[in-house]
K.L.:
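One structure, as structure tokens, below. Some questions next.
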Amino acid sequence: MKKVLITGAAGFLGSHLCDRFIKEGYYVIGMDNLITGDMNNIAHLFKLPNFEFYHHDVSKHVHIPGELDYILHFASPASPIDYLKIPIQTLKVSSLGTHNLLGLARAKKARILVASTSEVYGDPLVHPQTEDYWGNVNPVGPRGVYDEAKRFMEAITMAYHTYHGVETRIIRIFNTYGPRMRLNDGRVLPAFIGQALRGEDLTVFGDGSQTRSFCYVDDLVEGIYRLLMSDYAQPVNIGNPAEITISQFAEEILKLTGSSVPVAYKDLPVDDPKQRQPDITKAREILGWEPKVDRAEGLKITYDYFKSLPKEELFKTEHRQFDKAN
Ligand code: UDP
């Protein structure tokens, strides 16, 4: 049985990856320090003989006994309000954490895939974003802690590939959504759905003309799986090119939830990218991958998930112990 280590296993993407690798017949070791992750996302896996959980922070030395075939590094706060609250932890997990995992991959002769992001393009001056665009990032702005950590992650990953011959894969993930997103993590989809369900105004930041392109989680997981199994070591964009403005997105959420709450316009956060759309030519050509789930279908599944949560979840503002995180 092949063994895979998944960091960030209790998070949104990590938990879906655990499900996928269990389904493919792997022995899965999930690792998480539970700062932004949630054990409820993986509770159903604990009864399985081929799942094991390590409560550990990957920015500290990582020890895994025995053999290891694959590593997927998905640990990191990923929403702007999270990485503003825990900036140093955000920097450490993608720098020190990636270094530890690359060392582990080298020692075990394991293949490693790291989760990079469309944020490496910053507020992009090229549209749609191709992998050969180097980006427009403000290193000292509020998003710098995330963006620069992920850029460092890519650099050190390529260095281990080039100088140590480690088998590495780099995915650049664009906005992704689906069940198990945290209702209060501040990202636009859970924010809007939560507001609609509570009967509050929908908070659109800026004039709502900024764009995003939303990918359903199952499509993303398929892209990750294919990239891991490929022999391609350069970065690959995975995302859904269907681009919309945030104002249009608010309208879609109102329609989906049958809500008629008003839209309230708030200040645009500093360095909020004005447009974002993946060019997925590489993923199409190298992985034979493209998204299959359209937004109407994906949003319906996600809305049903949020509706199924206990009512008190809807009214929780923040329950994370961020103060101890750095
Ligand atoms: N946004 C918004 N209202 C909210 C939350 C986010 O208008 O309550 C906007 C945000 O300013 C950004 C877009 O929605 O332009 C996507 O934000 P998100 O935090 O989901 O992810 P980002 O792509 O910015 O990392």
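Counting convention: from 1, in listed order, for ligands and their atoms alike.
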K.L.:
Just jot down the salt bridge (charged side-chain N to carboxylate O under 4.0 Å, His left out) partners of Glu200, sequence neighbours excluded, or say none.
P.N.:
Arg198

K.L.:
Tell me, do Met181 and Phe306 make a side-chain contact under 4.5 Å, heavy atoms counted?
P.N.:
yes

K.L.:
Distance check, rounded to the nearest 0.5 Å: Ile224 atom CD1 versus Leu227 atom CG?
P.N.:
8.5 Å

K.L.:
Which side-chain N or O atoms in residues 265-274 pair as donor and acceptor under 3.5 Å with protein atoms at least two apart or in another chain?
P.N.:
{"from": "Asp271", "atom 1": "OD2", "to": "Asn138", "atom 2": "ND2", "distance (Å)": "3.0"}
{"from": "Asp272", "atom 1": "OD1", "to": "Arg212", "atom 2": "NH2", "distance (Å)": "3.1"}
{"from": "Lys274", "atom 1": "NZ", "to": "Asp123", "atom 2": "OD2", "distance (Å)": "2.6"}

K.L.:
Under the salt bridge (Lys or Arg N to Asp or Glu O under 4.0 Å) rule, what pairs show up with a residue in residues 96-120, not counting sequence neighbours?
P.N.:
Arg111-Glu167, Glu119-Arg143, Glu119-Arg276

K.L.:
Any sub-3.5 Å donor-acceptor pair from Gln248's side-chain atoms to Thr245's backbone N or O?
P.N.:
yes

K.L.:
I need the contact residues for ligand 1: any residue with a non-hydrogen atom closer than 4.0 Å to the ligand, ordered by chain then number.
P.N.:
Pro80, Glu119, Arg143, Asn175, Gly186, Arg187, Val188, Ala191, Phe192, Thr203, Val204, Phe205, Gln210, Arg212, Ile246, Pro269, Asp272, Arg276

